[in-house]
Amino acid sequence: MADISKVKVTGKTHVKPNKKIGSQQCQLVTFDLPYLAFYYNQKLLFYKGGEFEEMVKKLKEGLEVVLGEFYQLAGKLGKDEEGVFRVEYGDEMEGVEVAEAAAEEISIADLAVEEGTSALKDFIPYNGVLNLEGVHRPLLAVQLTKLKDGLAIGCAFNHAILDGTSTWHFMSSWAEICNGSQSISTQPFLDRTQARNTRVKLDLSPPPSNGDVSANDKKDPNLRERVFKFSEAAIDKIKSTVNENGPSDGSKPFSTFQSLSVHIWRHVTQARQLKPEDYTVFTVFADCRKRVDPPMPDAYFGNLIQAVFTVTAAGLLSGNPPEFGASIIQKAIEGHNAKAIDQRNTEWESSPKIFEFKDAGVNCVAMGSSPRFQVYEVDFGWGKPEGVRSGSNNRFDGMVYLYRGKSGGRSIDVEISLEAPTMEKLEQDKGFLVVEN
């Protein structure tokens, strides 16, 4: 890996919507509020070639246009007179922070390595910055870094105001404008109260701001991060293996997501060398747009996810065929319907608990992001990204991010954070890697 300390920030500006919007407020709802104690959600995309100054100019001009529709990202967090958190926007606000940086000794190939996202952290702003700090920081920060042979776009989104679906809706809309479109193809649906109109007062104050701190200072130094690339053939093999005997109760076949999830859960559990009686938790952040009643549009802007948990004993998970674990996952996901979502929200509203990002359960495997997101279609006018990665925020032992593979089709990239000894065992596990004979 090249020396990442060679990243030098050369300047910072702010970008605002290119039209007057006036004063706007939008209360945060029950789906948003639990994420206030998470860190900013970070994404990194890197692209080949091009004239850096021209690319930066195009990106900033496109950002001005797209923020006209996604103006909440140019606002700040605030509270109303009753203490309910909300997004506040005014034309006088500074807007989105855009930093420019140079790392001309670092190439695309250096960033595309499979090991370690912590090495990429200097390309993404707001390491170790809590979402709650959005009361005095921009809700979106961007860093554009000049590479030896391309450009890196690092983004930090305040997770209290949007989830992955909204993140990639914004990114694809920004790319559309930069690629010559006069307007975005899908307008964001901005009224969160349509999903849950409950006012919850939270007595939270942001920590003192001391600038960016390294997320590595806050996390287990024994944590390793790695990308495992599963080809279309490997994904098909995993899915067919899990479905060989099918669900025992005659329910529908296991999906690609359920099949890959149980594959990861079982092999990580084995690599952890847990005792048979030890509990292990599987968590997935499920998109609830089509689960709530009435359903919300795909373009709903905000958080409309909930963590779905399921648990079993390590011995049962490892000692049974994969369809055992797949069935547990399937039941948990299928059971998370409008009634379950409403019940979870009602319980939380009666006794709000602000979780930390790592409170996902004991010996857990927690799935974030989704291979459904069209991350490799984010083309600003100079081609598709060479790679897409998550930053080092919101990582803990067992956190997994799924991305569609660059080769397309059914290929999937799996980013995993694990304690070093567990990761070493997983890397040596030929069953996990689906080595073709």
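Along the sequence shown, residues are numbered consecutively beginning with 1. No experiment lies behind these values; they were computed from the predicted model shown.
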Next item on the list: For ring-ring contact (aromatic ring centres under 6.0 Å, His included), just list the numbers for Phe228 and Phe432, CA-CA rounded to whole Å, side-chain angles, deciding distance to a tenth of an Å, and then say yes or no.
Entry: CA-CA 10 Å; Phe228 296 94; Phe432 174 69; 5.1 Å; yes
Notebook entry, point to check: Can you list the steps and then say if Ser369 with Phe285 is a side-chain contact (heavy atoms from CB on, under 4.5 Å)?
Noted result: CA-CA 8 Å; Ser369 194; Phe285 292 91; over 6 Å; no
Checklist line | Step-by-step side-chain contact (heavy atoms from CB on, under 4.5 Å) determination, Thr256 to Ile412 | finding: CA-CA 10 Å; Thr256 297; Ile412 296 175; 4.3 Å; yes
Next item on the list: Decide yes or no on salt bridge (charged side-chain N to carboxylate O under 4.0 Å, His left out) for Glu419 and Lys425, but give the supporting numbers first.
Entry: CA-CA 10 Å; Glu419 290 184 348; Lys425 289 184 177 62; over 6 Å; no
Check: Going through the distances and angles, do Phe282 and Leu317 end up as a side-chain contact (heavy atoms from CB on, under 4.5 Å)?
Finding: CA-CA 11 Å; Phe282 178 85; Leu317 182 66; over 6 Å; no
Note to self: side-chain contact (heavy atoms from CB on, under 4.5 Å) for Thr198 and Trp348? Distances and angles first, verdict last.
What the structure shows: CA-CA 11 Å; Thr198 311; Trp348 190 89; over 6 Å; no
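Salt bridge Asp413/Lys229: present, at least one basic N to carboxylate O contact under 4.0 Å. Looking at Glu415 and Arg395, a side-chain N of the basic residue comes within less than 4.0 Å of a carboxylate O on the acidic one, giving a salt bridge. In this structure, Arg226 does not pair ionically with Glu424, as no charged nitrogen and carboxylate oxygen lie closer than 4.0 Å. A salt bridge is defined here as a Lys NZ or Arg NE, NH1 or NH2 lying under 4.0 Å from an Asp or Glu carboxylate O, and Glu427 with Arg224 meets this definition. Asp397 and Arg272 are joined by a salt bridge, as a carboxylate oxygen and a charged side-chain nitrogen come within less than 4.0 angstrom of each other.
Put simply, the side chain of Asp379 never gets that close to the backbone of Asn179: no donor and acceptor are under 3.5 Å apart. A donor-acceptor pair is defined here as one N or O able to donate and one able to accept, closer than 3.5 Å; no such pair exists between the side chain of Asp342 and the backbone of Asp293. Using a distance-only test at 3.5 Å, with no hydrogens or angles considered, no donor-acceptor pair links the side chain of Trp382 to the main chain of Lys48. Proximity of a side-chain donor or acceptor of His159 to a complementary backbone N or O of Leu162 within less than 3.5 Å is detected. In this structure, the side chain of Arg289 does not engage the main chain of Pro295 through any donor-acceptor pair within 3.5 Å. Judged purely by atom type and a 3.5 angstrom limit, Ser318 has no side-chain atom pairing as donor or acceptor with the backbone of Gly315. Glu88 contributes no side-chain N or O that, together with a main-chain N or O of Val135, makes up a donor-acceptor pair within less than 3.5 Å. A distance-only check finds a donor-acceptor pair linking the side chain of Asn303 to the backbone of Asp163 [under 3.5 Å]. Side-chain atoms of Gln187 do not come within 3.5 Å of backbone N or O of Glu69 as any donor-acceptor pair. With hydrogens and angles disregarded, no donor-acceptor distance shorter than 3.5 Å links the side chain of Ser261 to the backbone of Ala326.
Contact annotation: the side chain of Val284 approaches that of Phe257 to within less than 4.5 Å [non-hydrogen atoms, C-beta and beyond]. Between His263 and Val242, every side-chain heavy-atom pair lies at or beyond the 4.5 Å cut-off. A heavy-atom distance below 4.5 Å is not found between the side chains of Val400 and Val268. Looking only at side-chain heavy atoms (C-beta outward), Thr310 and Trp265 come within less than 4.5 Å of each other. In this structure, the side chains of Phe396 and Ser417 stay at 4.5 Å or more apart for every pair of heavy atoms. With a 4.5 Å cut-off on side-chain heavy atoms, Leu73 and Ile161 count as touching. Contact check for His169 versus Thr186: side-chain heavy atoms found under the 4.5 Å cut-off. Between Tyr279 and Leu274 there is no side-chain heavy-atom pair separated by less than 4.5 Å.
From Arg389, atom CZ reaches atom CD of Gln42 across 12.5 Å, with rounding to the nearest 0.5 Å. Distance check: Asp191 CG to Cys26 SG gives 6.5 Å after rounding to the nearest 0.5 Å. Atom CD of Glu386 is separated from atom CG of Leu147 by 11.0 Å, given to the nearest 0.5 angstrom. To the nearest 0.5 Å, atom CZ of residue Phe85 and atom CG of residue Leu33 are 8.0 Å apart. If you take OH on Tyr300 and CG on Asp287, they are separated by 11.0 Å, rounding to the nearest 0.5 Å. Put simply, CD1 on Ile341 and CD on Gln306 are 5.5 Å apart, with the number rounded to the nearest 0.5 Å.
Looking at Gln374 and Ser172, their side chains never bring a donor and an acceptor atom within 3.5 Å of each other. Remark: the Thr241 side chain and the Lys237 side chain contain no N/O donor-acceptor pair separated by less than 3.5 Å. Between Tyr126 and Glu133, the side chains place no donor N or O within less than 3.5 Å of an acceptor N or O (distance only, hydrogens not considered).
When every heavy atom of Asp429 is checked against every heavy atom of His267, the shortest pair comes out as OD2-ND1, 2.7 Å. Scanning both residues, Ala286 and Arg291, for their nearest heavy atoms gives CB-NE, 4.4 Å. Between Pro352 and Val200, the closest heavy-atom pair is CG-CG1, 3.8 Å. Between Leu77 and Asn131, the closest heavy-atom pair is CD1-O, 3.4 Å. Among all heavy-atom pairs drawn from Cys178 and Gly62, the shortest one is SG-CA, 3.9 Å. Taking all atoms of both residues into account, the shortest heavy-atom contact from Val96 to Leu140 is CG1-O, 3.2 Å.
Of the options Lys12, Lys146, Lys60, a salt bridge (charged side-chain N to carboxylate O under 4.0 Å, His left out) to Glu100 is made by Lys60 and by none of the others. Each of Phe157, Trp174, Phe301, Phe189 was checked for a ring pair (Phe, Tyr, Trp, His ring centres under 6.0 Å) with Phe70, and the lone residue meeting it is Phe301. Checking each of Tyr35, Tyr40, Tyr39 against Asn158 for a side-chain hydrogen bond (donor to acceptor under 3.5 Å, both in side chains) leaves exactly one that passes, namely Tyr40. Considering His336, Glu349, Lys339 as possible partners of Arg344, the one that fulfils the side chain to side chain contact (heavy atoms under 4.5 Å, CB included) test is His336.
A cation-pi arrangement is not found for Lys43 relative to Tyr403, the charged atom failing to lie both closer than 6.0 Å to the ring centre and inside a 45° cone about the ring normal.
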